[in-house]
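Take a look at the structure set out below.
Within every chain, numbering begins at 1; the chains are lettered A, B, ... in the order of the sequence lines, protein sequences first and strands thereafter. Both backbone and side-chain heavy atoms feed into the values below; hydrogens, waters and symmetry mates do not.
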Number of protein chains: 2
Amino acid sequence: MEKRRSTKAPSRKAAQPKTLGAEAWVAEAWRALSELGVDGVRVEPLAARLGVTKGSFYWHFEDRAALLSALLDDWEQRATAAVIREVDARCESPRERLFALIRMTTASPEAPDAEHAVRAWGAHDTSVRKRLQRVDARREAYVAQLLVAVGVDEARAQMRARALYLALIGEYARVAHGGAATERATWEELMRKLIEP
Amino acid sequence: MEKRRSTKAPSRKAAQPKTLGAEAWVAEAWRALSELGVDGVRVEPLAARLGVTKGSFYWHFEDRAALLSALLDDWEQRATAAVIREVDARCESPRERLFALIRMTTASPEAPDAEHAVRAWGAHDTSVRKRLQRVDARREAYVAQLLVAVGVDEARAQMRARALYLALIGEYARVAHGGAATERATWEELMRKLIEP
DNA sequence: CGAGTTCAATACGGCACCGTATGGAAAAGC
DNA sequence: GCTTTTCCATACGGTGCCGTATTGAACTCG
């Protein structure tokens with residue numbers, strides 16, 4: 001009897017599950033993380049919001065750290081790949097892709113809180129830092145590649161990709177702490193400057 | 001006898017104080033805030049690091065919230081005014097001032113952690129948000145004013161000031177979670193684009 | 001020197017949360 | 001039908017922190 005840990009999904013389709021899965025905990029944890037920060041994701045409050053007790057939690061997860069780890073796994077997978085796939089699918093030319101990228105990343109109202117929460121978290125946790133750096137590198141590389149495709153030379157493309165991405169992180173922070181989102185015109189003004197050879 | 005609260009400084013010059021003042025607690029709180037985030041600034045651990053017990057703390061402060069409030073007061077005062085004064089003093093032309101501003105704000109190694117910690121904090125605390133918005137507005141206005149002075153029209157100046165400032169916030173976040181600082185050349189590349197009419 | 005003031009130690013009650021242990025109920029498999 | 005698995009409830013001990021109360025030491029100042 002090797003303690004807990006589920007090995008197989010209960011083959012639930014999409015019906016209202018009478019019983020919770022690990023994903024339900026992760027989803028609720030995202031809410032807590034976005035609203036309160038890492039230190040706000042505690043198992044007992046989470047259980048209360050889910051209408052169960054922590055007895056449930058400790059069946060699905062080893063401990064609180066395991067939940068946080070699952071949270072990060074979830075983020076690292078979805079955060080980058082989805083957007084890039086979407087952008088590549090929607091547009092053909094690199095120029096259009098750049099503008100679409102900005103539009104998509106600055107459109108979602110939930111993204112800023114979540115992103116900013118992860119970054120806040122990353123300031124005092126080494127395991128988060130590693131993932132942040134990987135994700136940042138991947139995203140930056142994607143932007144740089146588009147800039148090259150649009151005619152900017154390699155060296156400048158990397159610098160400008162950095163600049164643009166930094167601004168996006170800044171925007172997430174800004175919105176996360178209650179600032180008004182910066183207008184699309186501003187983003188396009190910046191983008192126009194950055195795609196000039 | 002109106003409880004606690006000191007009204008007069010103990011007229012200490014600059015000598016090693018045998019006794020702690022509120023500033024010592026604030027200073028130590030900054031360390032905790034930068035390293036661990038708001039939830040890391042707790043009075044008992046702080047007391048331990050200062051080599052005293054919390055008996056001391058509750059003489060100088062009403063409660064933990066008062067310390068956090070003092071922290072913010074401290075930040076709001078120093079964060080903006082000092083840099084602007086310095087920049088204005090060092091350079092004459094607005095163009096030089098812009099480049100000096102970037103150099104100064106991206107040079108300090110402690111600033112990113114502190115700034116990012118405040119921003120992380122601001123995501124779940126309304127009183128912090130207000131101050132952040134004030135500070136952000138003041139800084140942005142300063143940049144915009146310099147851009148106008150350098151020949152950019154008003155509308156564009158505001159957009160570009162926003163863009164530049166967002167990038168700076170992003171840089172603080174980046175460095176705070178362990179990323180390498182972005183090179184001066186990158187900042188200057190960005191700045192060159194932004195000061196073009 | 002004695003009284004008040006300033007800073008700190010000690011000790012206490014309380015709360016929120018972690019993780020464990022154990023038991024039960026409902027569904028799944030034989 | 002009976003066992004096993006899956007999921008959750010209850011109850012408990014333990015920890016880290018908050019804030020208060022009380023006492024004490026050291027320094028001022030008359």
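Phosphate proximity of C/dT6 to B/His60: absent, as no side-chain N or O sits under 4.0 Å from OP1 or OP2. Contact check, B/Ser56 against C/dA9: no side-chain N or O comes under 4.0 Å of OP1 or OP2.
Remark: C1' of C/dC17 and CG of A/Asp63 are 14 Å apart, rounded to the nearest angstrom. A/Glu23 has its CD atom 13 Å from the C1' atom of D/dC7, to the nearest Å. Here C/dA8 presents its P atom at 9 Å from CG of B/Leu50, a figure rounded to the nearest Å. Counting to the nearest Å, the P atom of C/dA8 and the OH atom of B/Tyr58 are 15 Å from each other. Summarising the geometry, the separation between CZ on B/Arg49 and P on D/dC17 is reported as 14 Å, rounded to the nearest angstrom. Between the P atom of D/dC18 and the CZ atom of B/Phe61 lies a distance of 13 Å, rounded to the nearest Å. Atom CH2 in A/Trp59 sits about 18 Å away from atom P in C/dG19, given to the nearest Å. Computed from coordinates, the A/Leu46 CG to C/dA16 P distance equals 17 Å when rounded to whole Å.
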Pairing of DNA chain C as dot-bracket, 5' to 3': ( ) intra-strand, [ ] crossing, | other strand, . unpaired, with Watson-Crick or G-U pairs under 3.5 Å?
||||||||||||||||||||||||||||||

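Side-chain contact between B/Leu166 and A/Tyr172 is absent, with no heavy atoms from C-beta onward closer than 4.5 Å. A/Arg49 is not listed as a side-chain neighbour of A/Pro45, based on a closest heavy-atom distance of 4.5 Å or more. Side-chain contact between B/Met159 and A/Leu190 is absent, with no heavy-atom pair separated by less than 4.5 Å. When side chains are defined from C-beta on, B/Leu71 does not count as touching B/Trp25, because their heavy atoms never get closer than 4.5 Å.
Among the nucleotides D/dG19, C/dA8, C/dG19, the one closest to the side chain of B/Val52 is C/dA8. Side-chain proximity of A/Pro45 to the nucleotides D/dT20, D/dA9, C/dC17 is greatest for C/dC17. Among the nucleotides C/dT10, D/dC7, D/dC12, the one closest to the side chain of A/Thr19 is D/dC7.
Checked against side-chain contact (heavy atoms from CB on, under 4.5 Å), A/Glu183 has the following partners two or more places apart in sequence or in another chain: A/Thr186. Applying the side-chain contact (heavy atoms from CB on, under 4.5 Å) rule to A/Gln158 yields the partners A/Ala144, A/Glu154; only residues at least two apart in sequence or on another chain are considered. Residues meeting the side-chain contact (heavy atoms from CB on, under 4.5 Å) test with B/Arg184, sequence neighbours left out: B/Arg103, B/Glu188.
Checking A/Ala65 against B/Gly51, the closest nucleotide of DNA chain C that is more toward the 5' end is the one next to B/Gly51. When each of A/Phe57 and B/Gly55 is assigned the nucleotide of DNA chain D bearing its nearest heavy atom, the one mapping closer to the 5' terminus is A/Phe57.
A donor-acceptor distance shorter than 3.5 angstrom exists from the side chain of A/Asp63 to the backbone of A/Ala66, with no hydrogens or angles considered.
To the nearest 0.5 Å, the span separating OG1 on A/Thr182 from CD on B/Glu140 amounts to 9.0 Å.
At a non-hydrogen distance threshold of 4.0 Å, nothing from residues 24-44 of chain B comes into contact with DNA chain C.
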Identify every side-chain donor-acceptor pair in residues 33-42 of chain A under 3.5 Å, counting partners at least two apart or on other chains, and give the distances.
from    : atom 1 : to      : atom 2 : distance (Å)
A/Ser34 : OG     : A/Trp30 : O      : 3.0
A/Arg42 : NH1    : A/Asp39 : O      : 3.2

